[in-house]
Enquirer: 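So that we are looking at the same thing, I have put the structure below in structure tokens.
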Amino acid sequence: MRQITQNYVDGAFQPVSDGEEAPLFNPATEEQIGTVRLSNVNDVNAAVAAAKRAFTRISGTPPAERAEMLRRLSVAVSVNGDRMAETMREEYGAPSSFVDFSARRAGSVFLDMAATLESFAWQRRIGSAEVEMRPIGVAAAITPWNSNYGFICGKLATAIAAGTSIVIKPSEMSALQTQVLTEALHKAGLPAGVLNIVNGSGAVAGAALTAHPDIAKISFTGSTVTGRAILQSAAETMKRVTLELGGKGAQIILDDADLEAAVAQVLASGFINSGQACIAGTRVLVPARLMPEVRDRLVAGLADWPVGPASDPASRIGPMVSRKQWERVQSYIRLGTQEGATIIAGGEVRPAGLDRGWFVRPTLFADVDNATRIAREEIFGPVLCVISYDNDEDAVRIANDADYGLQNFVLGGDPERTWRVAARLESGRVTINGAAHEPLAPFGGCKQSGIGREFGVFGLETFLEPQVVLT
Ligand code: TXE
């Protein structure tokens with residue numbers, strides 16, 4: 001049993017004041033593997049005070065010095081990739097392919113941001129105005145558990161590039177991963193107080209941080225419910241916010257798609273990160289006349305998506321992160337049947353042979369009405385809704401009939417047609433035929449998927465404020 005009892009404040013590991021402890025679990029075995037001490041308001045205040053002192057120094061550094069810091073952070077994180085991957089496998093349980101990708105990319109986000117920083121226009125002339133992009137003030141980040149390293153590193157990289165100090169409150173369910181990552185980040189030798197990490201619950205530490213008057217900017221990734229609470233709390237002192245919230249992406253299979261490739265792609269985009277991904281394409285839109293064939297292909301395709309622990313290299317779907325998430329997914333599977341959808345694969349209860357661990361059977365619902373809750377709410381597990389449409393117009397209408405708008409997908413044979421459909425979708429991102437991720441492109445959503453964009457130039461600008469001098 002490991003015990004996490006320290007925060008990282010002012011360049012050093014410091015004890016959390018006496019407080020409650022939360023258990024940490026291995027989701028593949030349900031065994032408790034550690035505890036984390038939860039910070040109180042005083043711990044949060046100490047971290048914000050350290051960040052405020054450091055802001056004066058970091059905000060005055062030249063961009064080249066900050067690019068150097070980013071390169072040091074990248075090295076510090078990358079050399080710890082194996083240890084990070086091992087801890088993520090144990091505490092989060094995702095399949096090896098996702099863990100390896102996540103642990104490796106964590107270091108590279110710093111290099112992506114260094115590249116953005118070096119070509120960024122800090123001064124701009126607009127008519128008679130001299131516009132200077134200046135760091136916004138002390139930042140706070142609140143991150144979730146479904147890619148702990150990636151979210152922490154992405155937000156930290158942007159803060160450093162912008163010249164702001166930051167206080168990060170990661171998910172209380174990821175404390176072992178946070179500890180390993182923080183030890184790595186410490187080795188980069190940032191000026192004291194530029195990076196501060198507090199362990200704590202959302203209700204206490206998260207709420208204290210997002211309400212703190214000395215915080216100028218909040219970058220949050222998590223649920224829409226919490227995002228809404230943060231937005232309300234931020235309004236008090238007009239904090240700037242970036243909110244990266246849930247999704248309910250549509251995957252539109254056009255009638256000229258290569259069905260074999262399209263179905264493989266649909267399953268990959270639907271089951272990414274065991275379905276615990278805001279970008280997952282969880283509504284599969286299928287032309288009515290092709291429905292019988294696509295249904296059969298989807299069911300057959302599940303053979304390529306074995307469920308199991310991260311220790312089994314064949315696993316492609318791991319456990320849900322917690323009992324609470326497992327129960328949530330089970331309740332949606334129950335709800336789907338009550339709402340009149342047909343289960344064509346999977347269903348409630350654990351997969352055969354996995355009687356321990358928060359594993360879910362990959363589940364496909366057919367005959368789904370887009371108005372029902374399983375089609376509208378984020379389930380956050382390996383559960384896909386298959387929905388029939390009549391023509392391209394109808395597909396676009398159904399895809400856009402959603403409260404979310406993070407990422408949609410189009411699969412088809414005619415490039416012009418796929419573009420035409422993509423251009424009409426209401427989401428921050430559209431992926432055509434499984435195109436690769438572009439790390440410098442803006443990431444974020446429309447509607448209730450959030451506010452603002454992360455990564456690259458667009459992400460950097462959300463940590464900056466333009467100041468105009470008229471001459
Ligand atoms: O999220 P929370 P939960 C969605 C997904 C999932 C659901 C619930 O649908 O099933 O949210 O997950 C902190 N003030 N996503 O309950 O509560 C909390 O401590 C400040 C989508 O885990 O949003 C943690 O650090 N902070 C998502 C972080 O918010 C607060 C990723 C996220 O937890 C707080 C995760 C408060 N009042 C869940 N309350 C994505 N976009 O990828 C909680 N927190």
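Indexing begins at 1, ligand by ligand and atom by atom, following the structure's order. None of these values were measured; they are calculated from a predicted model.
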Enquirer: Does ligand 1 have a heavy atom under 4.0 Å from the side chain of Leu245, from its backbone, from both, or from neither?
Expert: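 For Leu245, the contact with ligand 1 is made by the backbone alone.
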
Enquirer: Side chain, backbone, both or neither: which part of Lys324 comes within less than 4.0 Å of ligand 1 when only heavy atoms are counted?
Expert: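 Only the side chain of Lys324 comes within reach of ligand 1.
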
Enquirer: Run the numbers for me: atoms of ligand 1, each under 4.0 Å from some heavy atom of Arg328, listed by number.
Expert: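 By the 4.0 Å cutoff, the relevant atoms are 7 (C), 9 (O), 10 (O).
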
Enquirer: Relative to the heavy atoms of Pro144, which atoms of ligand 1 are at a distance of less than 4.0 Å?
Expert: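 So the atoms of ligand 1 that pass are 31 (C), 35 (C).
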
Enquirer: Parallel, tilted or perpendicular: which one describes the rings of Phe443 and Phe455, with boundaries at 30° and 60°?
Expert: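 Plane angle between 30° and 60°, so tilted.
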
Enquirer: Calculate, to the nearest 0.5 Å, the distance between atoms CD and CD1 belonging to Glu31 and Ile33 respectively.
Expert: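 Those atoms lie 9.0 Å apart.
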
Enquirer: Would you find more than 12 non-hydrogen atoms of other residues, nucleotides or ligands less than 6.0 Å from Lys447 atom NZ?
Expert: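 Yes, the 6.0 Å shell around NZ holds more than 12 heavy atoms from other groups.
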
Enquirer: Looking only at non-hydrogen atoms, find the nearest pair between Asn273 and Ala94 and report the distance.
Expert: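 Nearest pair, atom of Asn273 first, then Ala94: OD1-CB, 4.1 Å.
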
Enquirer: Do Lys169 and ligand 1 have an N or O pair less than 3.5 Å apart?
Expert: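 In this structure, Lys169 places an N or O atom under 3.5 Å from an N or O of ligand 1.
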
Enquirer: Quick check: does Asn146 get an N/O under 3.5 Å from an N/O on ligand 1?
Expert: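 Asn146 vs ligand 1: N/O contact under 3.5 Å present.
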
Enquirer: So, Gln177 versus Tyr92: side-chain donor-acceptor pair below 3.5 Å or not?
Expert: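 No, because no side-chain N or O of Gln177 sits under 3.5 Å from a partner of the opposite role on Tyr92.
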
Enquirer: Please list, in number order, the atoms of ligand 1 under 4.0 Å from a heavy atom of Ile142.
Expert: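 Listed by number with element: 13 (C), 25 (O), 26 (N), 28 (C), 29 (O).
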
Enquirer: With a 4.0 Å cut-off, would you call Asp367 and Arg295 a salt bridge?
Expert: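 Looking at Arg295 together with Asp367, the answer is yes, because their closest N to O distance falls below 4.0 Å.
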
Enquirer: Report yes if Glu172 has an N/O atom closer than 3.5 Å to an N/O atom of ligand 1; otherwise report no.
Expert: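 Looking only at distances, the answer is yes, because the N/O contact criterion of under 3.5 Å is met.
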
Enquirer: More than 12 non-hydrogen atoms from neighbouring residues, nucleotides or ligands closer than 6.0 Å to CE on Met238, yes or no?
Expert: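 For Met238, atom CE is not crowded (no more than 12 foreign heavy atoms under 6.0 Å).
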
Enquirer: Using a strict cut-off of 4.0 Å, indicate which atoms of ligand 1 neighbour a heavy atom of Ser171.
Expert: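 So the atoms of ligand 1 that pass are 25 (O).
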
Enquirer: Which option out of Thr143, Ile230, Thr226 puts a heavy atom nearest to atom 28 (C) of ligand 1?
Expert: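 Nearest option to atom 28 (C) of ligand 1, by heavy atoms: Thr143.
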
Enquirer: Of the listed options (Gly450, Gly381, Ser223), which comes nearest to atom 2 (P) of ligand 1 when hydrogens are ignored and any heavy atom counts?
Expert: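 Minimum heavy-atom distance to atom 2 (P) of ligand 1 goes to Ser223.
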
